Structures are given as structure tokens and as C-alpha cells.
Amino acid sequence: MWKLVLEDGAVIRDGCATQWDALRTARTKDGKAFKKADAMSVQSGTIVFRPWYRNQTIDSAILDKEGNIMGYAPKKIRAPRMEKCLLIQY
């Protein structure tokens, strides 16, 4: 059985029969999803990443017709943040 655990010990996925089942929502360090053949070769204890979407407020530029910046307005976005996870076989 396989499980995916955050750094603080919180379990994300548990009771998975294969690495592929545990790594379906995980990503590599560069943000790419695991392919099934690559996921099946991952060893226990490997650090993988999982995107968590957090609400953030950024300043968005207000442009006039000529493209000049007139000012800034706050804009709310959901930005991904990559959290480190540990793949464990038990």
C-alpha cells in the first residue's frame, strides 16, 4: 500500500494499491504530471510536489486607450503553490 504525506505529516492520499494511484495528483519538481510508466518506477521516500491553489490579491494595471498606465486596482486570483509531499510505502 502507498500513501502521499505532506511535510507536516498530514496524509493526502492513503490506501493506494500502486504508486500510480498515489501520484495521480502529484507533479515533478518542474511541474509536469507523472506518466504511468514513470510513476511505477518511483521509489518509496521520494519527494514529489502537489499544487495547492491559494487566494492572492495582486495589483492590476489600468490602461487607457493608448496603452498608458493610469493606475492600479486590486485583483483577486487563485495562484498555484507547489507543496512538498513524500511518497511512502507501508
Side-chain angles (χ1 to χ4, degrees):
M1 300 300 277
W2 294 84
K3 66 180 174 179
L4 199 59
V5 180
L6 283 175
E7 287 182 319
D8 61 358
V11 177
I12 297 174
R13 294 182 71 97
D14 194 8
C16 300
T18 63
Q19 301 99 310
W20 169 240
D21 292 333
L23 293 175
R24 285 182 187 230
T25 58
R27 303 278 187 254
T28 60
K29 189 173 185 177
D30 57 352
K32 294 181 182 176
F34 282 97
K35 294 183 179 169
K36 189 170 185 176
D38 296 334
M40 295 302 285
S41 65
V42 175
Q43 301 294 322
S44 180
T46 303
I47 294 176
V48 294
F49 297 87
R50 183 157 187 240
W52 290 89
Y53 290 88
R54 307 283 186 205
N55 292 331
Q56 289 183 349
T57 303
I58 60 169
D59 288 331
S60 179
I62 300 172
L63 304 176
D64 62 5
K65 291 181 180 179
E66 289 80 33
N68 299 322
I69 297 175
M70 295 175 49
Y72 294 93
K75 181 179 179 182
K76 293 183 179 180
I77 61 169
R78 291 183 51 87
R81 184 173 143 200
M82 300 303 263
E83 296 281 339
K84 286 184 182 179
C85 299
L86 187 63
L87 179 68
I88 299 174
Q89 182 181 18
Y90 61 97

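FYI, side chains are in, hydrogens and waters are out, and symmetry mates aren't considered; it's all heavy atoms of this structure. Given the structure is predicted, the values throughout are model-derived calculations rather than measurements.
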For Trp52 and Leu6, what are the C-alpha separation, side-chain angles and deciding distance, and is it a side chain to side chain contact (heavy atoms under 4.5 Å, CB included)? CA-CA 12 Å; Trp52 290 89; Leu6 283 175; 4.2 Å; yes

Do Ser44 and Leu87 pass the side chain to side chain contact (heavy atoms under 4.5 Å, CB included) test, and can you show the C-alpha distance, the side-chain angles, and the key distance before you say yes or no? CA-CA 6 Å; Ser44 180; Leu87 179 68; 5.9 Å; no

Side chain to side chain contact (heavy atoms under 4.5 Å, CB included), that's the test. Do Met40 and Thr18 meet it? Break it down for me. CA-CA 7 Å; Met40 295 302 285; Thr18 63; 4.1 Å; yes

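Taking CZ of Phe34 as the start and OG1 of Thr28 as the end, the distance is 6.0 Å to the nearest 0.5 Å. To the nearest 0.5 Å, the span separating CD1 on Ile12 from SG on Cys85 amounts to 3.5 Å. Distance check: Lys36 NZ to Arg24 CZ gives 7.0 Å after rounding to the nearest 0.5 Å. Taken from NZ in Lys75 to CD1 in Ile58, the straight-line distance is 6.0 Å, to the nearest 0.5 Å. Interatomic distance, Asp14 CG to Met1 CE, rounded to the nearest 0.5 Å: 7.0 Å.
Closest of all the heavy-atom pairs between Tyr72 and Ala61 is CD2-CA, 3.7 Å. Nearest heavy-atom pair, Ala39 versus Trp20, reported as atom, atom and distance to 0.1 Å: CB-CE3, 3.7 Å. Ser41 and Asp38 get closest at one heavy-atom pair: OG-O, 2.8 Å. In plain terms, the two heavy atoms of Pro80 and Tyr53 that are nearest each other are CB-CE2, 3.5 Å. Contact record, Pro74 with Asp59: CA-OD1, 4.2 Å, taken as the closest heavy-atom pair. Taking all atoms of both residues into account, the shortest heavy-atom contact from Ala33 to Arg27 is CB-NH1, 3.4 Å.
Salt-bridge check for Glu83 with Arg54: passed, with a basic side-chain N closer than 4.0 Å to an acidic carboxylate O.
For the pair Lys3 and Tyr90, the cation sits on the ring face: its NZ or CZ lies under 6.0 Å from the ring centre, inside 45° of the axis.
Not a single donor-acceptor pair under 3.5 Å links the side chain of Gln56 to the backbone N or O of Ile77. For the pair Gln19 (side chain) and Val42 (backbone), a donor-acceptor distance under 3.5 Å is present.
Residue Arg13 forms a side-chain contact (heavy atoms from CB on, under 4.5 Å) with just one option from Leu4, Leu23, Val5, and that option is Leu4.
Criterion: ILVMFWY side-chain heavy atoms under 4.5 Å apart, direct or through other members. Under it, Ile47 and Val11 are part of a common hydrophobic cluster.
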